[in-house]
Amino acid sequence: MSSPDTVLGTGEKRKLTLLAADLADWYRQGGGRSFPWREPGTPLYQLVCVEVLLQRTRAETVASFYNRFFTRFPGWHELANAPGEELEEFLKPLGLWKRRTASLRALAAYAAEHDGMFPNRYEELLQVPAVGQYVAHAILMFQHGGRFPLIDVNMARVVERFVRPRKLADIRYDPWLQQACRWLVRRGDPKVVNWSVLDHAALTCCARAPDCQSCFVSRRCAFKAA
DNA sequence: AATGCGGGGGG
DNA sequence: CCCCCAGCATT
């Protein structure tokens, strides 16, 4: 007998299915944001690096940094062979530069050993340095075309406001939130659904001052701003 | 479950 | 000023 707090209910599934469909439509009609790494044909190398650059960092900031970074470090090989000090200097304007330097160097070392490929099993991916749940899901989606949710603070906020808040402090360990996010990407193009949720979170369902007045799904949303 | 990492944007 | 940002490793 499972607690209702930890199990995704039928009504909740219906809400999420409709939300995902609406957000994906909105995105396909051009409602979302545009970033260089979303262009078709972006190499996995760039996609993985960008996920590290995006951690706790605004996507617009990373976008303005994108060309400079990949001009200097065009591939895993250049990144792996770059002097650590130069990489640190490069990353300083982004913040978290010490940590990011270690993460990128570890990833580059791994990629060099594995011909630029990453495991296609979640448990195996978690053993790769600098890869947590979020990056593992990103790799499963981008490299292996898997149907996985990019569960970050944005997706968590959208889902929690739209349906209900999670119980546990850590996003990664709340069973209900995990189920809800997986359900969200159950249908449709995983990339489109994920990006649409992230963009909705950034443009309308903001952390500080959500713009519920102009939100086109606010009618079905459980969250009501003051 | 709580902290450290970190510079920059925005209310 | 303080809050927040496509997290992860460590404790």
Side-chain angles (χ1 to χ4, degrees), chain A residues 23 27 32-39 42 44 46-66 68-69 84 87-110 118 122-123 125-143 146 148-161 165-175 177-178 181-182 184-185 190-213 225-226:
Chain A
L23 289 179
Y27 183 87
R33 299 175 296 177
S34 175
F35 293 116
W37 55 89
R38 290 186 184 178
E39 295 301 315
T42 300
L44 182 69
Q46 292 191 9
L47 291 169
V48 173
C49 286
V50 162
E51 295 302 345
V52 174
L53 302 180
L54 283 168
Q55 289 172 11
R56 305 299 293 172
T57 307
R58 292 172 194 280
E60 290 75 10
T61 306
V62 176
S64 66
F65 187 75
Y66 184 89
R68 242 171 56 81
F69 186 84
L87 191 51
E88 286 187 351
E89 289 302 321
F90 234 91
L91 296 173
K92 276 185 180 175
L94 278 186
L96 298 177
W97 47 273
K98 189 75 179 167
R99 164 168 290 279
R100 275 195 248 259
T101 297
S103 294
L104 288 173
R105 287 175 70 80
L107 282 169
Y110 179 93
F118 292 90
Y122 180 70
E123 305 300 336
L125 272 167
L126 289 184
Q127 304 306 311
V128 178
V131 175
Q133 182 186 76
Y134 177 87
V135 174
H137 282 182
I139 290 174
L140 287 170
M141 185 183 67
F142 287 123
Q143 178 178 335
F148 291 88
L150 300 178
I151 312 178
D152 66 340
V153 290
N154 291 296
M155 180 173 290
R157 186 174 63 250
V158 169
V159 167
E160 291 183 72
R161 279 181 178 162
R166 67 177 180 270
K167 298 297 180 187
L168 299 188
D170 196 317
I171 290 172
R172 294 167 293 179
Y173 301 133
D174 187 282
L177 182 62
Q178 292 289 317
C181 292
R182 270 185 280 130
L184 206 53
V185 297
K191 284 192 286 191
V192 169
V193 177
N194 276 303
W195 288 339
S196 75
V197 174
L198 268 47
D199 289 357
H200 175 65
L203 298 174
T204 304
C205 198
C206 326
R208 190 75 71 85
D211 189 5
C212 299
Q213 309 302 326

Walk me through it: do A:Arg38 and A:Asp199 pass the test salt bridge (charged side-chain N to carboxylate O under 4.0 Å, His left out)?
CA-CA 12 Å; A:Arg38 290 186 184 178; A:Asp199 289 357; 2.8 Å; yes

Find which nucleotide of DNA chain B each of A:Ala209 and A:Lys92 is nearest to by heavy atoms, and output the residue with the more 5' nucleotide.
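Its nucleotide being nearer the 5' end, the pick is A:Lys92.
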
Which comes earlier along DNA chain B counting from the 5' end, the contact point of A:Ala169 or that of A:Gly95, where each point is its nearest nucleotide?
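Residue closer to the 5' terminus by nearest nucleotide: A:Ala169.
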
Taking [atom1] from [X] and [atom2] from [N], how many angstroms apart are they, rounded to a whole number?
{"X": "A:Phe90", "N": "B:dG7", "atom1": "CZ", "atom2": "C1'", "result": "17 Å"}
{"X": "A:Trp97", "N": "B:dG8", "atom1": "CH2", "atom2": "C1'", "result": "16 Å"}
{"X": "A:Arg100", "N": "B:dC5", "atom1": "CZ", "atom2": "C1'", "result": "9 Å"}

Would you call A:Arg33 and A:Glu60 a salt bridge, taking side-chain N to carboxylate O under 4.0 Å as the test?
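The answer is yes: the pair qualifies as a salt bridge.
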
When rounded to the nearest 0.5 angstrom, what is the spacing between CD1 in A:Ile139 and CZ in A:Phe118?
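Here the interatomic distance stands at 5.0 Å.
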
Can you tell me how far the CZ atom of A:Arg58 sits from the OG atom of A:Ser64, to the nearest 0.5 Å?
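Atom-to-atom, A:Arg58:CZ and A:Ser64:OG are 12.5 Å apart.
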
Is the number of heavy atoms from other residues, nucleotides or ligands under 6.0 Å of A:Lys92 NZ greater than 12?
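Counting neighbours around NZ of A:Lys92, more than 12 heavy atoms of other residues, nucleotides or ligands fall under 6.0 Å, so yes.
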
For nucleotides 5-11 of chain C, just jot down a letter per nucleotide in 5' to 3' order: B, S or -, based on protein non-hydrogen atoms under 4.0 Å.
BBBBS--

Taking all non-hydrogen atoms of both residues into account, name the closest pair between A:Pro36 and A:Ala63 and its distance.
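So the minimum-distance heavy-atom pair works out to CD-CB, 4.3 Å.
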
Can you find a donor-acceptor pair, distance only, under 3.5 Å between A:Arg208 side chain and C:dC3 base?
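When only heavy-atom distances are counted, A:Arg208 does reach the base of C:dC3 through a donor-acceptor pair under 3.5 Å.
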
